[in-house]
Amino acid sequence: MVNIPFTILFAVSMLAFAFSVYKKVALIRQGRPTERTDRGGLRTAAMLINAVFQKSVIRGSFGFNHALLFWSFLVLLVANGEFIVNGVFPRVSLDRLPEAFHHWLLLAFDIVSVLVLIAVVAAILRKLFHPLYKESRTAEAFIILGVIGALMLAYMGIVAFQVMIGWVPWQYAPFSALFSVVYAGRTTPVEVHQLAVFFWWAHAVLLLGFINFLPYSKHMHILTAIPNVYFKLLDKPAVPQRENFEEVTNLGAESFKDLTWKDLLDSLTCTECGRCQVNCPATLTGKPLNPRTLIHKIKENMNANEAALVGEGEHQISKDAVWSCVTCGACMEVCPVFIEHAPKIVKMRRNMVQMNSDFPEELLNLFENMEQRSNPWGIAPSERTKVFTSIKAQDFNPEETEYLFFVGCAGAFDSRSKQISLAVAMLMDEAKVTWGTLGKDELCCGDSVRRLGNEYLFEQMALKNVEMFKARGVKKIVTQCPHCFTTLKNDYKQYGLEIEVIHHTELLDTLVRDGKLKVNDNHKKTVITYHDSCYLGRHNGIYEQPRNIIKAITGKEPVEMERSKDTAFCCGAGGGRMWMEENLGTRINVNRAQQAIDTNAGTLCTACPYCMTMMSDGMKDLNTKSIYVKDIAEVLAESVLL
């Protein structure tokens with residue numbers, strides 16, 4: 001026998017659902033190609049760990065409640081699958097399984113249904129009284145939660161009827177058996193049967209309606225989250241894609257079609273949980289950028305088939321939002337479905353800079369200085385050699401020196417950062433580490449111009465550097481700047497350079513542990529807090545080495561700030577923002593400086609010249625003299641050389 005009314009309803013709803021999904025897939029396919037199918041084993045493992053076992057979800061606020069809903073839905077897939085098949089073919093049912101197995105299956109369905117109801121109530125209460133962000137209180141959110149709860153109640157109503165007529169022993173559906181109280185007021189078998197039929201059709205309509213609503217809501221992530229996690233970036237950091245200047249006529253991302261298909265899949269996968277925005281330094285300091293709404297705008301722009309991504313339209317992203325990003329990676333670090341926010345912003349900047357010369361005025365001098373003299377200040381290259389006038393620094397020679405000390409622009413030209421360069425050099429000398437420099441031939445690595453969207457200039461700089469490193473036989477590089485570090489180590493792989501790049505905190509940690517640097521008691525009473533550089537920490541996973549050095553210096557762990565390690569707050573200089581004015585909202589560096597002051601530490605240690613500048617300026621803005629700002633290398637030098 002076939003249930004004709006339900007079969008018709010099911011067929012129509014599945015056709016509608018298939019058409020809706022087809023339209024979304026067609027939109028995604030308009031994106032540019034990108035390779036995300038390599039290393040299938042790693043991808044499958046990441047998918048199982050983060051999507052199925054919900055590791056990335058649980059680590060965040062209220063994550064276990066969502067994980068409970070997800071796991072419950074996996075169990076209820078069996079129950080709903082049987083409901084649909086039985087709805088079309090009434091004689092096909094799970095009760096044809098061995099009786100004991102069937103009963104235990106029913107018990108699992110019953111328990112899970114109650115767990116879902118509890119999770120739904122918890123989610124509603126949270127949205128009402130303690131939402132992660134106030135905009136999450138939407139009608140859609142409450143409707144979806146209401147539908148899920150109603151589905152559970154309808155299912156329990158069906159099972160309660162089956163318990164009443166003896167089809168299901170109450171011991172295997174104890175919670176649904178309690179639900180049979182709704183039948184108590186029915187005086188005749190016909191009325192009881194009518195109520196059971198109502199529950200059955202309510203469940204059918206709610207289930208099929210819920211499925212068809214998914215492609216038009218943020219709950220599309222139910223369909224896209226698992227594949228999106230499978231196609232995630234497997235490596236850190238998220239290195240910007242290289243442009244093909246010979247084949248691509250429209251550089252960067254002008255419209256959604258210029259983004260990759262993975263970018264567009266990201267936009268459909270966003271759960272709008274809000275974790276990104278409560279960790280974004282731009283959002284938290286009143287900037288126009290909100291990573292959650294950024295992804296939402298891309299989705300709406302794609303759905304509306306807009307011609308341009310950036311603009312002032314309803315479905316467009318404002319220029320101020322694009323230029324507010326510090327590429328710190330906080331949004332990507334906390335996203336439970338591994339959406340890649342910052343790379344999309346870099347692509348938009350590329351189009352604005354390279355196709356339209358549309359960028360903040362203060363960047364004009366930066367680009368000219370980089371192009372003409374390969375440093376942000378436009379200082380003569382010959383000045384690079386003056387940083388080591390007080391000590392002997394030889395030119396790099398692969399036969400005589402193990403490391404190339406890539407001093408960096410800040411380390412060579414900025415008066416404060418020169419002291420850090422000198423401290424690193426003196427510590428290497430003390431440990432008998434052989435090193436040399438490129439002197440006036442050293443060029444900027446190009447980190448800032450790449451993150452600011454001037455990809456053509458970056459490529460020219462990268463090619464020159466790669467050629468120089470290969471010609472001089474460089475095998476190992478040590479640098480004091482995390483931006484130089486990550487660019488030389490990661491970005492330059494796109495240009496054929498596979499080389500060992502070490503940050504000075506890594507090298508110094510090794511030298512201390514190996515006993516090549518002997519620490520005295522100069523700072524044993526000093527209380528130190530440490531600021532994690534985004535490009536050293538989140539982007540490259542270097543958290544413990546700086547802390548090991550501090551522990552060796554003081555004999556105790558550093559005092560941690562409110563936000564540290566993978567949740568650390570940016571100094572505000574990343575993504576090229578070092579060279580731009582901060583006129584919108586409050587200053588990021590002042591916010592971070594206050595977090596350092598709140599620890600009551602006597603010294604704030606940094607491990608990045610940008611962070612050094614921003615934290616020092618933040619302390620001046622707060623008019624405080626209660627805390628010193630020093631690089632880890634400087635504090636270590638005071639504990640080793642004095």
Side-chain angles (χ1 to χ4, degrees), residues 17-38 43 46-47 50-51 213-234 238-244 247-273 276-277 289-311 313-318 321-322 325 327 331-332 335-352 355 453:
F17 175 72
F19 179 69
S20 299
V21 172
Y22 168 78
K23 289 196 298 182
K24 299 300 181 184
V25 172
L27 288 172
I28 293 172
R29 292 183 63 185
Q30 294 184 60
R32 289 182 177 178
T34 184
E35 175 53 52
R36 293 299 179 96
T37 58
D38 60 319
R43 293 190 178 281
M47 179 184 69
N50 293 293
F213 183 63
L214 294 182
Y216 301 98
S217 74
K218 69 175 185 178
H219 290 81
M220 179 72 174
H221 75 267
I222 293 175
L223 305 176
T224 59
I226 291 178
N228 203 63
V229 174
Y230 180 85
F231 294 126
K232 70 184 283 289
L233 278 173
L234 293 178
V239 177
Q241 286 183 298
R242 187 177 176 182
E243 289 276 20
N244 189 330
E247 296 181 8
V248 179
T249 56
N250 188 33
L251 302 172
E254 179 181 17
S255 78
F256 74 90
K257 297 176 184 178
D258 297 318
L259 296 172
T260 68
W261 62 261
K262 174 60 170 62
D263 291 326
L264 301 181
L265 180 62
D266 277 353
S267 73
L268 295 178
T269 305
C270 179
T271 67
E272 298 187 34
C273 65
C276 55
Q277 74 180 64
L289 173 64
N290 181 321
R292 174 183 62 84
T293 58
L294 173 90
I295 300 302
H296 182 73
K297 289 277 189 180
I298 292 174
K299 178 177 71 174
E300 294 301 309
N301 186 280
M302 177 177 66
N303 288 335
N305 200 24
E306 293 266 1
L309 271 172
V310 179
E314 181 183 359
H315 306 310
Q316 291 179 307
I317 301 158
S318 72
V322 172
C325 181
T327 65
C331 50
M332 297 171 61
C335 181
V337 289
F338 298 94
I339 288 170
E340 298 152 27
H341 311 73
K344 297 172 180 54
I345 291 176
V346 171
K347 291 171 187 175
M348 294 177 216
R349 288 180 176 180
R350 285 184 184 179
N351 184 264
M352 297 168 69
M355 301 302 296

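Owing to the predicted nature of the structure, the values given are computational and were not obtained by experimental measurement.
- A pairwise comparison of heavy atoms in Ile295 and Cys270 identifies CG2-CB, 3.8 Å as the closest pair.
- Counting heavy atoms from C-beta outward, Leu265 and Thr224 have side chains that approach closer than 4.5 Å.
- No donor-acceptor pair under 3.5 Å is formed between the side chain of Thr293 and the backbone N or O of His296.
- Between Asn305 and Lys257, some side-chain heavy-atom pair lies under the 4.5 Å cut-off.
- Within the 4.5 Å cutoff, the side chain of Ile345 has no heavy atoms near those of the Thr327 side chain.
- Distance CG/Leu214 to CG/Leu223: 5.0 Å, rounded to 0.5 Å.
- With hydrogens and angles disregarded, no donor-acceptor distance shorter than 3.5 Å links the side chain of Glu272 to the backbone of Arg292.
- Counting only N and O atoms by type, the side chains of Glu35 and Thr37 include a donor and acceptor under 3.5 Å apart.
- The shortest distance between side-chain heavy atoms of Met332 and Glu340 falls below 4.5 Å.
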(Q) Working note: Asn290 + Lys297, criterion side-chain contact (heavy atoms from CB on, under 4.5 Å); need CA distance, chi angles, decisive distance, verdict. (A) CA-CA 10 Å; Asn290 181 321; Lys297 289 277 189 180; over 6 Å; no
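- Proximity of a side-chain donor or acceptor of Asn228 to a complementary backbone N or O of Val337 within less than 3.5 Å is detected.
- Between Val25 and Arg29, some side-chain heavy-atom pair lies under the 4.5 Å cut-off.
- Within a 6.0 Å sphere centred on OH of Tyr216, heavy atoms belonging to other residues, nucleotides or ligands number more than 12.
- Using a 4.5 Å heavy-atom threshold, the side chains of Asp263 and Lys347 count as touching.
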Q: May I have the step-by-step check of side-chain contact (heavy atoms from CB on, under 4.5 Å) for Cys335 and His341, ending in yes or no?
A: CA-CA 10 Å; Cys335 181; His341 311 73; 4.2 Å; yes
Q: Assess whether side-chain contact (heavy atoms from CB on, under 4.5 Å) is satisfied between Leu264 and Leu27, documenting all intermediate values.
A: CA-CA 8 Å; Leu264 301 181; Leu27 288 172; 5.9 Å; no
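- Looking at every heavy atom in both residues, Ala307 comes nearest to Ser255 through O-CB, 3.1 Å.
- Put simply, the side chain of Arg43 gets close to the backbone of Tyr230: a donor and an acceptor are under 3.5 Å apart.
- A heavy-atom distance below 4.5 Å is not found between the side chains of Glu254 and Val310.
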Q. Where do Gln241 and Thr260 land on the side-chain contact (heavy atoms from CB on, under 4.5 Å) test, with the steps shown first?
A. CA-CA 10 Å; Gln241 286 183 298; Thr260 68; 3.4 Å; yes
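- Using a distance-only test at 3.5 Å, with no hydrogens or angles considered, no donor-acceptor pair links the side chain of Asn303 to the main chain of Glu300.
- In this structure a side-chain-to-backbone donor-acceptor pair under 3.5 Å is missing from Arg349 to Gly453.
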Q) Which is it for Asn351 and Asp258 under the side-chain hydrogen bond (donor to acceptor under 3.5 Å, both in side chains) test, yes or no, and what are the steps along the way? A) CA-CA 10 Å; Asn351 184 264; Asp258 297 318; 5.3 Å; no
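- Note on Lys299 versus Asp266: no salt bridge recorded, every NZ/NE/NH1/NH2 to OD/OE distance being 4.0 Å or above.
- Closest approach of Asn250 to Arg32, counting heavy atoms only: O-NH2, 2.8 Å.
- A donor-acceptor distance shorter than 3.5 angstrom exists from the side chain of Asn301 to the backbone of His315, with no hydrogens or angles considered.
- Between Arg350 and Pro240, some side-chain heavy-atom pair lies under the 4.5 Å cut-off.
- When the shell of 6.0 Å around CD of Glu314 is examined, it contains 12 or fewer heavy atoms from other residues, nucleotides or ligands.
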